[in-house]
Amino acid sequence: MNTRFTAWQYYVIILAALLLNYPTLGQSPSKSKPNIIVFLVDDMGWQDTSVPFWNKATDFNRRYHTPNMERLAREGMKFTNAYAMPVCTPTRVSLITGVNAAHTRVTHWTSPDKNKNTDYADPALNAVDWNINGFSPVAGVEHTFHATALPEVLRQNGYYTVHSGKAHFGSEGTPGADPLHAGFDINIAGSSIGHPASYSGRANYDSPANGKPNRNAVPGLEAYHGTDTFLSDAITVEALKAIGKPVADKKPFFLYLAHYAVHVPLTADPRFLNKYLQAGLDSTEAKYAALLEGMDKSLGDVLRYLDEKKISDNTVVLFMSDNGGLSITPARGGKAWTHNLPLKAGKGSVYEGGIREPMLVKWPGVVKAGTVADQYVIVEDFYPTILDIAGVRNAKTVQKIDGKTFLPILKNPAFKDDERGLVWHHPNRWIAAEGPNIHYASAFRQGDWKLIYDYRQAKLELYNLRNDIGEEHDLAASNPSKVKELATLLTRQLKAWNAQWPTFKTTGKPVPFPDELVAKQ
């Protein structure tokens with residue numbers, strides 16, 4: 001049978017053939033999957049940088065020297081309302097699972113020792129049944145939250161995954177203690193420990209006692225033992241070596257570079273110490289500032305590597321800290337709870353000083369250089385955002401993701417959502433010392449409003465963060481309707497997640513939920 005085609009039919013056939021053979025024809029050219037770097041700092045406060053994250057520079061911004069953070073801010077986007085959890089492990093678990101700490105029940109820092117509760121005994125409240133062993137990639141492990149980790153999803157989607165530095169996802173003797181079990185192809189120096197025994201290569205990153213290694217000795221860096229290599233440099237050098245393989249193979253990589261700095265012990269980075277001593281800081285604060293600048297040098301080394309390898313245009317860099325800045329004394333110099341001003345309190349607290357973080361994102365071609373985003377985000381948002389960046393759709397995970405992608409913010413810094421509610425749940429006592437809400441507290445933010453619940457005092461506090469970033473003026477008495485509204489939303493979310501809840505020592509009865517407290521008033 002003979003078939004005759006019109007000129008129009010011939011045109012359609014030829015065009016269809018071209019589209020089959022050249023799928024990008026008629027579409028905008030697309031790059032390969034971007035490389036992704038999460039640069040996570042330990043215990044770095046919102047003010048611990050020369051980059052202002054407020055509407056003006058402060059004395060703290062003038063104290064510290066972080067030129068590479070300044071570069072990242074110039075070349076990317078600065079987030080002024082970025083949040084983590086009050087202490088480290090909950091943040092880290094939320095980042096790699098996409099689930100809020102109230103939902104994972106990993107609400108406090110995990111001990112390297114399996115089944116050890118790190119809560120300090122409280123005079124008024126009984127300890128809660130939280131997941132004291134942290135995250136687990138395997139089901140059925142006692143006192144853990146089982147989830148599909150972010151690096152595992154990325155690895156399944158073509159990424160070469162590297163972990164370097166502090167892990168602290170789970171206790172020793174559980175699968176979550178080893179980053180290799182969480183989907184990382186390479187693990188450098190990551191284990192169950194939450195801080196280093198020493199930052200000094202001369203000390204082998206250890207501080208032996210009675211001839212025995214310290215349990216917080218940093219593992220896997222034997223090549224640097226006995227050298228002058230500072231810990232922040234060692235994990236950076238090894239991380240860049242590790243990503244050399246995917247760079248050479250032209251394969252996308254995910255690098256999770258998690259610094260032990262600036263956690264105690266405050267071992268001074270000798271390259272930067274004298275400048276701060278000469279500026280008049282006391283020895284403790286000078287050590288802290290030197291640790292910060294050494295961390296910033298690492299960031300510069302990473303950015304320079306990307307430039308030299310000519311891959312910076314296709315690499316996303318996300319900078320974040322895991323909780324607010326340490327502000328207890330004598331671990332810090334000066335007066336306690338002043339190191340994050342104008343923010344109130346510090347690490348361990350649900351006040352802004354304990355949870356608000358310096359966050360920066362660089363993504364050439366997507367994020368406009370030098371932009372500022374005021375929309376609030378929280379650490380569990382990193383999981384869905386990174387999957388969006390990687391082009392991963394409908395990832396199969398055993399957990400339900402609580403985080404919300406901030407990709408729309410990266411594309412439009414003016415993006416605004418005042419309806420979203422953020423939750424912090426810390427039914428734990430961080431340290432023996434007393435401080436501003438560093439014990440048994442929860443918080444909820446929606447729009448500019450923030451509610452704080454102090455369980456011990458059975459007290460609700462209300463602040464408007466736009467007008468009062470320092471949380472100095474409690475508006476609960478003058479605005480009971482807003483208190484009721486936020487208390488209802490917080491209670492509803494905590495109950496939906498089946499969050500663990502404390503009881504009173506005297507009666508054994510549960511502490512009232514926020515909405516119950518409002519109803520009694």
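No hydrogens or angles considered: a donor-acceptor pair under 3.5 Å links the side chains of H259 and S298. In this model, no donor atom of one side chain and acceptor atom of the other lie less than 3.5 Å apart for N133 and T174. In summary, the side chains of N314 and S32 do present a donor paired with an acceptor at a separation below 3.5 Å, with no hydrogens or angles considered. For D322 and T91, the side-chain atoms include no donor-acceptor pair closer than 3.5 Å. If you check the side chains of T229 and T227, you find a donor sitting under 3.5 Å from an acceptor. One side chain, N115 or E142, offers a donor N or O that lies under 3.5 Å from an acceptor on the other. Counted by atom type alone, N100 and D402 present zero donor-acceptor pairs between their side chains at under 3.5 Å. A donor and an acceptor atom, one from each side chain of H146 and S136, are nowhere located under 3.5 Å apart. Side-chain atoms of R445 and N81 include a donor-acceptor pair closer than 3.5 Å.
Under the 4.5 Å side-chain criterion, counting only non-hydrogen atoms from C-beta, K347 is not in contact with P86. Counting heavy atoms from C-beta on, the side chains of F169 and T110 never come closer than 4.5 Å. Contact of the L494 side chain with the V423 side chain is registered, since non-hydrogen atoms from C-beta on lie closer than 4.5 Å. Side-chain contact between R71 and K362: present, with at least one pair of heavy atoms (C-beta onward) separated by less than 4.5 Å. Two residues are said to be in side-chain contact when any heavy atoms from C-beta on lie closer than 4.5 Å; Q47 and R356 fail this criterion. Taking the side chain as every heavy atom from C-beta outward, L257 and L40 never approach each other to under 4.5 Å.
The six-membered or imidazole ring of F319 lies near that of F39, with a centre-to-centre distance under 6.0 Å. Centroid-to-centroid, the aromatic rings of W501 and F513 come within less than 6.0 Å. Residues F230 and Y199 place their aromatic rings such that the two centres sit under 6.0 Å apart.
Applying the side-chain contact (heavy atoms from CB on, under 4.5 Å) rule to E238 yields the partners I188, L221, Y224, K241; only residues at least two apart in sequence or on another chain are considered. H263 meets the ring-ring contact (aromatic ring centres under 6.0 Å, His included) test with H195; sequence neighbours excluded. In terms of the ring-ring contact (aromatic ring centres under 6.0 Å, His included) criterion, residue partners of F406 (sequence neighbours excluded) are, by chain and number, F79, F382.
A donor-acceptor pair is defined here as one N or O able to donate and one able to accept, closer than 3.5 Å; no such pair exists between the side chain of N204 and the backbone of H225. A donor-acceptor pair under 3.5 Å is absent between the side-chain atoms of H143 and the main chain of I132, judged by distance alone.
With I36 as reference, Y159 is the one residue of F253, Y159, Y256 to meet the side-chain contact (heavy atoms from CB on, under 4.5 Å) rule. Screening I243, L255, L154, D185 for a side-chain contact (heavy atoms from CB on, under 4.5 Å) with Y160, the sole residue that qualifies is D185. With Y83 as reference, W424 is the one residue of Y376, Y351, W424 to meet the ring-ring contact (aromatic ring centres under 6.0 Å, His included) rule.
The minimum heavy-atom distance linking Y455 with P502 is given by the pair CD1-CG, 3.4 Å.
For the pair R332 and Y288, the cation-pi test (distance below 6.0 Å, angle within 45°) is passed. In this structure, R105 fails the cation-pi test against W130, since its NZ or CZ atom is not both closer than 6.0 Å to the six-membered ring centre and inside 45 degrees of the ring normal.
Within a 6.0 Å sphere centred on NZ of K411, other residues, nucleotides and ligands contribute 12 heavy atoms or fewer. Atom NZ of K245 is surrounded by 12 or fewer heavy atoms from other residues, nucleotides or ligands within 6.0 Å. Counting non-hydrogen atoms of neighbouring residues, nucleotides and ligands closer than 6.0 angstrom, the CZ atom of F415 exceeds 12 such neighbours.
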